[in-house]
Number of protein chains: 2
Amino acid sequence: MDRPTLISDKWRAGYAAERLAEFTARCRARGLAITPQRVAVMRVLVNSGDHPRAEAVFAKVRREYPNISLATVHRTLETLCAIGEARKVTPLHDSARYDGNTAPHHHVVCVRCRKIRDIEMPEFSDLLHGRQTLGGFQLLGCSVEVHALCRECRSAAAKEA
Amino acid sequence: MDRPTLISDKWRAGYAAERLAEFTARCRARGLAITPQRVAVMRVLVNSGDHPRAEAVFAKVRREYPNISLATVHRTLETLCAIGEARKVTPLHDSARYDGNTAPHHHVVCVRCRKIRDIEMPEFSDLLHGRQTLGGFQLLGCSVEVHALCRECRSAAAKEA
DNA sequence: TAGCGGATGATAATAATTATCATCCACGAT
DNA sequence: ATCGTGGATGATAATTATTATCATCCGCTA
Ligand SMILES: [Mn+2]
Ligand SMILES: [Mn+2]
Ligand SMILES: [Zn+2]
Ligand SMILES: [Zn+2]
């Protein structure tokens with residue numbers, strides 16, 4: 001079996017059922033109320049293999065709860081991320097960041113202050129090297145974000161605690 | 001020398017000078033007018049090692065051209081990306097995308113329709129394995145985006161041409 | 001079942017980016 | 001060097017995504 005490989009929809013279906021089964025228990029453990037809206041957002045999200053945006057989740061949940069607010073969907077998605085039940089595919093940036101360095105390279109990003117530094121890591125691109133396609137996708141390149149805490153933020157975080 | 005490694009400011013300085021030297025020539029070759037604003041935005045960007053956002057570039061260019069518009073900075077940055085003189089560090093997403101799959105995995109993203117699919121690629125994380133820090137940064141994890149063209153977009157793109 | 005506190009819906013506010021458009025000016029042609 | 005034109009700019013409005021506010025609601029515990 002050659003890597004990398006696409007994760008199958010079949011795997012996702014079983015995974016979704018498993019995650020949903022204990023979801024209310026994990027909410028309770030966290031002291032979060034089990035509201036029908038929260039459960040619905042979670043169910044829609046975990047059954048989606050397409051990494052939907054808030055608007056798309058809203059559209060689906062709305063079919064079952066026509067009165068749900070878009071704000072609730074936004075809030076709930078952020079809550080799910082905060083408790084580790086979901087993740088953002090586009091984290092660490094709230095507005096576009098530009099780079100004058102067009103040489104191939106990757107980035108370390110501080111998760112706290114969002115400082116970004118260039119890193120040299122040719123091994124990353126090597127992993128895709130030689131491969132033209134992946135499950136129907138024609139490969140063009142890749143970008144890596146290493147998540148980290150910078151020195152300043154480490155001392156700041158230490159002081160807070 | 002162990003990889004990955006931070007790219008030094010020293011390297012960046014020389015690189016900036018080199019890039020600026022031929023910038024106007026490359027603009028001319030592309031049929032783009034050489035305006036003082038465009039050159040200033042390019043100069044500020046290529047001399048920045050911190051991946052600034054539009055607002056930050058605006059603030060610096062403004063010192064020299066107090067009348068420059070923020071819109072011009074936005075436009076110019078996008079132009080620079082379009083002609084390959086710069087890149088966005090946060091590309092391929094214009095709004096947040098959420099993921100119910102919390103298992104460690106990475107993503108292929110279609111650069112045209114922005115379809116996102118999960119991929120299995122444990123070798124990526126292995127590259128950082130065992131390493132705790134990198135140039136002052138404490139490492140926490142990493143996310144990889146493989147840029148690609150999906151099947152549908154490939155045929156669509158073929159039709160257009 | 002009563003009551004508290006978190007959750008929600010409606011809406012306003014904010015922030016980033018893009019669109020519009022009149023004016024301007026870089027540049028090739030004269 | 002001057003001119004004419006199309007692209008570039010500045011000012012501003014519009015759009016889009018997200019977050020904040022707040023009155024009401026309802027899940028949860030006692
Ligand atoms: Mn960079
Ligand atoms: Mn995913
Ligand atoms: Zn930091
Ligand atoms: Zn596509």
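Excluded from the calculations below are hydrogen atoms, water molecules and symmetry mates; all remaining heavy atoms, backbone and side chain alike, are included. The sequence lines fix the lettering, A, B, ..., with proteins before strands; numbering per chain opens at 1.
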>> Can you measure B:L70 atom CG to C:dT17 atom C1' for me and round it to whole angstrom units?
In response: 9 Å
>> Please report the distance, rounded to the nearest Å, between CD in B:E55 and P in C:dA16.
In response: 7 Å
>> Using a 3.5 Å distance criterion without hydrogens, assess whether the side chain of A:R97 forms a donor-acceptor pair with backbone atoms of B:H51.
In response: yes
> Can you find a side chain N or O atom of A:S69 that sits less than 4.0 Å from OP1 or OP2 on C:dT8?
Replying inline: no
>> Please report the distance, rounded to the nearest Å, between CZ in A:R114 and P in C:dA16.
In response: 11 Å
> Under 3.5 Å, is there a donor-acceptor pair between the side chain of A:R26 and the main chain of A:R19?
Replying inline: yes
>> What is the separation between atom CD1 on A:I68 and atom C1' on D:dC25, rounded to the nearest whole Å?
In response: 14 Å
>> Rounded to whole Å, please give me the gap between CZ in A:R30 and C1' in D:dC28.
In response: 19 Å
>> For a quick check, with a 4.0 angstrom heavy-atom cut-off, what is the B/S/- contact string for nucleotides 19-30 of chain C, read 5' to 3'?
In response: BB-----SS---
> Is there a donor-acceptor pair closer than 3.5 Å between any side-chain N or O of B:R12 and the backbone N or O of B:S48?
Replying inline: yes
> Which one, C:dA7, C:dT17, D:dT18, comes nearest to the side chain of A:R38?
Replying inline: C:dA7
> What is the distance from CZ of B:F58 to C1' of C:dT17, rounded to the nearest Å?
Replying inline: 14 Å
> Any donor-acceptor pair under 3.5 Å linking the side chain of A:R28 with the backbone of A:I34?
Replying inline: no
> After noting the C-alpha distance and the side-chain angles of B:R38 and B:T79, does the key distance pass the side chain to side chain donor-acceptor pair (under 3.5 Å) rule?
Replying inline: CA-CA 9 Å; B:R38 183 170 283 162; B:T79 301; 4.9 Å; no
> Atom NE2 of A:H74 to atom C1' of C:dA13: distance rounded to whole Å?
Replying inline: 14 Å
> Mind checking whether B:H107 and B:H105 have parallel, tilted or perpendicular rings, split at 30° and 60°?
Replying inline: perpendicular
> What is the distance, rounded to the nearest whole Å, between atom CG of B:N67 and atom C1' of D:dA8?
Replying inline: 15 Å
